[in-house]
Amino acid sequence: MNKRQILLFSLGVAACVAAAWTLVTLVKTDRGPGGAPRVVATGKADIGGPFSLVDHNGRAVTDADFRGKHMLVFFGFTHCPDVCPLELQTVGRAMDLLGEKAEALVPVFISVDPARDTPEQLKGYVPAFHPRMVGLTGSPEQVAAAAKAYRVYYRKAPGTAPGAADYQVDHTAFTYLMGPDGEFLHFFRPQTGPAEMAEKIAGFLD
Ligand code: NI
């Protein structure tokens with residue numbers, strides 16, 4: 001997946017997310033001062049939800065294990081040549097910029113390539129980005145369910161030969177901020193800078 005393909009793919013996904021957001025945003029009408037009707041938008045995008053996966057130490061974990069902490073979630077694969085390392089570096093740097101506030105936050109990397117991303121593989125990968133980063137993988141079905149919950153799309157790059165050991169995975173490259181009850185708070189587009197990410201997160205942690 002070259003840079004241009006990634007951009008096009010991300011734009012397509014962004015449109016899907018925007019559409020989903022609009023659909024699930026609940027709009028209610030109430031009466032403002034003087035009785036004039038006003039429209040108040042409430043609700044959250046329908047992103048996130050239950051997952052059941054395996055962490056980089058081989059332990060079974062679910063979304064419930066993260067309750068009480070904010071999660072910063074990114075889906076990708078360890079063989080990704082550029083986008084994943086770049087985005088995970090941003091997450092790590094944002095954590096550093098947050099200082100003590102980052103203690104309320106767990107950075108989570110969820111693999112969309114369970115065939116190659118074993119717990120052992122993740123264990124050798126995630127600490128490079130942040131010492132507290134949690135790597136998650138699982139069966140193809142578990143990963144598919146987690147990705148579906150987050151509205152993450154992924155597929156083996158078109159043109160991959162069947163059975164090829166060396167392949168790329170096209171995937172959504174947003175980073176999701178989830179609240180302590182597992183609720184969706186915000187998503188960051190690819191190439192968001194660490195300072196911008198940290199500032200936005202700090203606003204939710206305060
Ligand atoms: Ni990637």
Side-chain angles (χ1 to χ4, degrees), residues 1-18 20 47-48 51 53-56 71-96 105-178 184 186-194 196-198 201:
M1 200 174 185
N2 64 35
K3 289 252 161 72
R4 186 171 166 275
Q5 287 172 316
I6 287 161
L7 179 66
L8 290 174
F9 189 65
S10 295
L11 287 174
V13 171
C16 293
V17 170
I47 290 173
F51 59 73
L53 294 163
V54 178
D55 75 9
H56 63 262
M71 285 192 293
L72 198 51
V73 183
F74 182 83
F75 287 76
F77 65 113
T78 65
H79 289 75
C80 182
D82 45 23
V83 174
C84 291
L86 185 71
E87 297 304 320
L88 292 173
Q89 264 178 30
T90 298
V91 166
R93 286 185 189 150
M95 293 285 293
D96 290 342
L105 192 61
V106 183
V108 179
F109 172 71
I110 303 181
S111 175
V112 292
D113 184 18
R116 291 183 296 186
D117 287 343
T118 59
E120 296 73 28
Q121 173 75 12
L122 292 175
K123 193 167 188 166
Y125 184 75
V126 288
F129 301 101
H130 193 274
R132 289 204 294 112
M133 187 173 288
V134 175
L136 298 179
T137 186
S139 68
E141 294 75 19
Q142 287 176 313
V143 165
K148 190 178 177 200
Y150 279 78
R151 304 291 190 265
V152 164
Y153 301 89
Y154 63 98
R155 61 176 181 190
K156 261 187 200 178
T160 301
D166 185 19
Y167 55 85
Q168 298 296 312
V169 182
D170 298 347
H171 62 91
T172 307
F174 292 121
T175 301
Y176 304 92
L177 177 65
M178 312 300 289
F184 170 79
H186 190 74
F187 74 85
F188 298 96
R189 291 185 171 77
Q191 297 186 24
T192 298
E196 184 187 342
M197 185 179 283
I201 293 169

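What you are looking at is a predicted structure, and each value in this text was computed from that prediction instead of being measured. Residues: numbered from 1 along the sequence shown. Start at 1 and go down the list; that is how both ligands and their atoms are numbered.
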Taking the six-membered ring of Y167 as reference, does the NZ or CZ atom of R116 fall below 6.0 Å from its centre and within a 45° cone about the axis? yes

Say whether, by atom type as modelled, one donor and one acceptor occur between the side chain of [X] and the main chain of [Y] under 3.5 angstrom.
X    : Y    : result
E87  : Q191 : yes
R93  : A198 : no
T175 : F74  : no

Please report whether the ring centroid of F109 lies less than 6.0 Å from that of Y125. yes

In this structure, is the centre-to-centre distance between the rings of F75 and Y154 below 6.0 Å? no

Contacts of the Ni ion (ligand 1) with protein N/O/S atoms, counting only those under 2.8 Å: C80 SG, C84 SG, H171 NE2

